[in-house]
Amino acid sequence: PHVTHSQASSVLALLLLLEGGMFSASRPAELLEKVFQHIHDHQDEFVQTLKEWVAIESDSVQPLPRFRQELFRMMALAADKLRRLGASVDSVDLGSQQLPDGQSLPIPPIILAELGNDPKKATVCFYGHLDVQPAAREDGWLTDPYTLTEVDGKLYGRGATDNKGPVLAWINAVSTFQALEQDLPVNVKFILEGMEEAGSIALEELVEKEKNRFFSNVDYVVISDNLWLSRKKPALTYGTRGNSYFMVEVKCRDQDFHSGTFGGILNEPMADLVALLGSLVDASGRILIPGIYDHVAPLTEKEKNMYKSIDLDVEEYKNSSQVKKFLFDTKEEILMHLWRYPSLSIHGIEGAFDGSGAKTVIPGRVVGKFSIRLVPHMNMSVVEKQVKRHLEDVFSKRNSSNEMAVSMVLGLYPWIANINDSQYLAARRAIRTVFGTEPDMIRDGSTIPIARLFREIICKSVMMLPLGAVDDGEHSQKEKINRWNYIEGSKLFAAYFLEIAKLH
Ligand SMILES: *[C@@H]1O[C@H](CO)[C@@H](O)[C@H](O)[C@H]1NC(C)=O
Ligand SMILES: *[C@@H]1O[C@H](CO)[C@@H](O)[C@H](O)[C@H]1NC(C)=O
Ligand SMILES: *[C@@H]1O[C@H](CO)[C@@H](O)[C@H](O)[C@H]1NC(C)=O
Ligand SMILES: *[C@@H]1O[C@H](CO)[C@@H](O)[C@H](O)[C@H]1NC(C)=O
Ligand SMILES: [Zn+2]
């Protein structure tokens with residue numbers, strides 16, 4: 001699928017022609033060709049910069065002063081890089097974070113940067129994060145996780161794909177226009193944080209605060225913090241599921257019991273809880289809570305057809321996840337149940353005996369934990385009521401003398417974008433130009449709150465434009481980004497700037 005530069009420019013010329021030939025086709029096409037050539041020629045420098053960034057152990061998950069220092073160093077390095085591009089950079093001080101053990105740790109700054117302020121141009125804002133998940137060689141890495149190492153075109157290193165590589169790809173695209181002494185086609189803004197892997201502490205508050213200042217002239221937001229569904233075929237992400245997390249407590253007393261002394265004369269909390277949890281979902285994966293599917297967006301023929309062309313090898317997916325059989329056999333059913341239908345998962349029981357050995361305990365108080373991945377157009381407060389009513393109903397039918405309490409402890413809405421929105425169409429054209437193919441239009445079954453956060457607060461078009469391949473191994477050992485994805489991804493962002501410019 002690698003497209004040569006002359007192929008790319010003829011594709012672009014053709015597209016311009018098809019779009020009515022309003023532009024003199026040669027100039028943007030020539031410029032794009034120069035941009036692609038520059039990125040191609042300078043790829044080793046781009047990889048070297050990624051190596052310098054990966055070398056910083058910017059781990060936000062382990063709350064240790066040593067890692068916080070590394071995070072501050074990482075944010076300072078990025079701020080410096082942006083300043084050298086000519087951006088005005090604001091490193092927003094976020095104070096410190098109080099940990100449960102009483103320790104206080106400083107929160108790394110969020111970078112707000114801007115380059116260009118031409119009211120005639122569109123303004124695109126890129127969100128990325130520079131913190132990483134923990135990594136240690138002994139976890140099963142073949143190379144040092146903080147030394148970017150290339151093997152067969154794969155650049156191994158913690159943060160290579162999540163998310164330092166994509167942040168740098170965006171910067172590479174900007175710096176290429178500058179190196180070629182070309183006017184940037186769009187005004188560019190950056191919001192870069194250092195606490196994403198630790199729950200984006202302080203991000204929402206800052207976005208809210210900057211809504212009418214930094215974000216006031218932003219037209220489009222781009223997030224590049226997820227992966228393709230394929231190793232080779234690019235993707236555009238237009239939706240994520242939400243999540244509502246429940247705790248159900250069943251209590252007899254605070255202390256545990258001995259089953260020889262009390263077994264047979266008690267309503268055991270664990271038996272009640274197992275019955276409650278067992279009433280939630282059947283063996284086919286269907287949620288048994290009455291009314292739960294009532295608001296789920298109906299499936300249209302149009303949507304159904306969209307799943308056909310998506311590149312997912314079910315056999316390989318099954319094999320690589322070491323699962324003998326999924327609940328569904330076809331690609332379409334699997335994707336729909338990951339993306340557009342809710343699912344209920346039971347996560348654990350607090351207070352239950354879970355060690356090895358044969359302890360004869362009757363837990364006195366247990367808490368079951370489960371969550372429902374929400375999809376458009378489910379209503380969170382309705383879901384909460386339905387879950388509570390169902391559990392109360394099941395519990396009351398047991399005539400148990402225990403006490404039950406249900407609470408929803410987390411509620412995150414799903415996010416969905418309009419794939420016919422002009423920014424999505426622009427990105428699709430850019431993908432066609434760089435990769436010579438239509439992207440997979442994908443959603444993500446997990447919950448990524450930032451897209452919805454930007455959409456809700458600043459009310460502008462938000463798009464997730466991933467660069468990494470499905471096997472990049474975010475968060476796991478041997479995380480990598482392919483050199484090809486990193487370099488073509490830099491070209492993609494440059495092509496995207498030019499496509500966005502054409503809209504204005
Ligand atoms: C299945 O996975 C194993 C390793 O987990 C691999 O060696 C094998 O080639 C895979 N087979 C298929 C059909 O993908
Ligand atoms: C959700 O349902 C509640 C109660 O039925 C209703 O008041 C609210 O407007 C609904 N919210 C949305 C976003 O539809
Ligand atoms: C609960 O009590 C009701 C009324 O006392 C009785 O009809 C029912 O069979 C009981 N249910 C169970 C599961 O014991
Ligand atoms: C997007 O637009 C195309 C072409 O106009 C149309 O066929 C398609 O149904 C639209 N899709 C959605 C989700 O609106
Ligand atoms: Zn990430």
Side-chain angles (χ1 to χ4, degrees), residues 28 31-32 34-36 38-39 42 46 49-50 53 75 77-92 109-130 163-193 203 206-207 210-211 213-225 422-424 426-427 429-431 433-434 450-451 454 458 460-467 486 489-504:
L31 173 56
L32 196 65
K34 271 200 226 157
V35 165
F36 286 3
H38 179 94
I39 292 173
H42 290 77
F46 296 150
T49 310
L50 182 56
W53 283 29
M75 300 317 285
L77 186 65
D80 183 54
K81 175 103 188 153
L82 294 172
R83 273 192 203 101
R84 278 188 283 123
L85 285 181
S88 61
V89 181
D90 190 2
S91 290
V92 183
I110 290 179
I111 293 175
L112 298 176
E114 97 177 84
L115 194 62
N117 190 13
D118 181 345
K120 288 193 295 296
K121 291 180 187 169
T123 301
V124 295
C125 179
F126 181 84
Y127 162 87
H129 68 90
L130 299 173
N163 186 226
K164 292 174 179 178
V167 172
L168 275 172
W170 188 267
I171 292 175
N172 298 341
V174 172
S175 70
T176 295
F177 285 94
Q178 295 188 331
L180 295 170
E181 296 180 342
Q182 294 291 329
D183 198 24
L184 261 180
V186 287
N187 302 315
V188 179
K189 291 197 168 190
F190 294 85
I191 172 164
L192 304 177
E193 69 160 320
L203 179 69
L206 182 75
V207 175
E210 294 290 336
K211 175 181 165 175
R213 202 192 63 92
F214 183 78
F215 294 107
S216 64
N217 64 343
V218 168
D219 298 299
Y220 308 102
V221 178
V222 178
I223 300 165
S224 183
D225 192 21
S422 56
Q423 124 148 296
Y424 274 85
R429 288 193 295 272
I431 287 171
T433 304
V434 175
I450 36 169
F454 284 120
I458 65 177
K460 292 290 162 59
S461 165
V462 178
M463 178 174 71
M464 288 173 57
L465 177 52
L467 302 187
Y486 178 48
S490 303
K491 293 180 191 172
L492 175 58
F493 286 150
Y496 164 79
F497 294 162
L498 287 164
E499 289 294 345
I500 288 290
K502 283 196 271 163
L503 301 174
H504 282 247

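None of these values were measured; they are calculated from a predicted model.
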Student check: side-chain heavy atoms of [X] and [Y] closer than 4.5 Å:
| X | Y | result |
| --- | --- | --- |
| Asp183 | Lys121 | yes |
| Val92 | Pro109 | no |
| Tyr486 | Leu168 | yes |
| Ile191 | Val207 | yes |
| Phe493 | Leu467 | yes |
| Phe215 | Lys460 | no |
| Gln178 | Leu115 | yes |
| Trp170 | Val188 | yes |

Do [X] side-chain atoms and [Y] backbone N/O form a donor-acceptor pair below 3.5 Å?
| X | Y | answer |
| --- | --- | --- |
| Lys491 | Val434 | no |
| Gln423 | Val221 | yes |
| Asn187 | Pro119 | no |
| Asn163 | Gly128 | no |
| Ser224 | Leu465 | yes |
| Lys189 | Asn217 | no |

Parallel, tilted or perpendicular: which describes the rings of His38 and Phe46, with under 30° parallel and over 60° perpendicular?
->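 Correct class here is tilted.
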
Atom pair [atom1] ([X]) and [atom2] ([Y]), whose distance is rounded to the nearest 0.5 Å:
| X | Y | atom1 | atom2 | result |
| --- | --- | --- | --- | --- |
| Phe214 | Thr123 | CZ | OG1 | 10.0 Å |
| Asp219 | Ile458 | CG | CD1 | 10.0 Å |
| Thr49 | Ile171 | OG1 | CD1 | 9.0 Å |
| Lys164 | Leu192 | NZ | CG | 12.0 Å |
| Leu498 | Leu503 | CG | CG | 11.5 Å |
| Lys502 | Ser422 | NZ | OG | 12.5 Å |

Shortest non-hydrogen contact between [X] and [Y], atoms and distance:
| X | Y | result |
| --- | --- | --- |
| Leu112 | Arg213 | CD1-NH2, 4.2 Å |
| Val89 | Ala113 | CG2-CB, 4.1 Å |
| Cys125 | Val218 | CB-CG1, 3.7 Å |
| Tyr220 | His504 | OH-NE2, 3.5 Å |
| Ala173 | Ser490 | CB-O, 3.5 Å |
| Gly489 | Ala169 | C-CB, 4.3 Å |

Derivation of the side-chain hydrogen bond (donor to acceptor under 3.5 Å, both in side chains) call for Tyr127 and Asp225 | CA-CA 9 Å; Tyr127 162 87; Asp225 192 21; 5.0 Å; no

Tell me, yes or no, whether the heavy-atom count around Lys34 atom NZ, taken from other residues, nucleotides or ligands under 6.0 Å, exceeds 12.
->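 No, not enclosed.
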
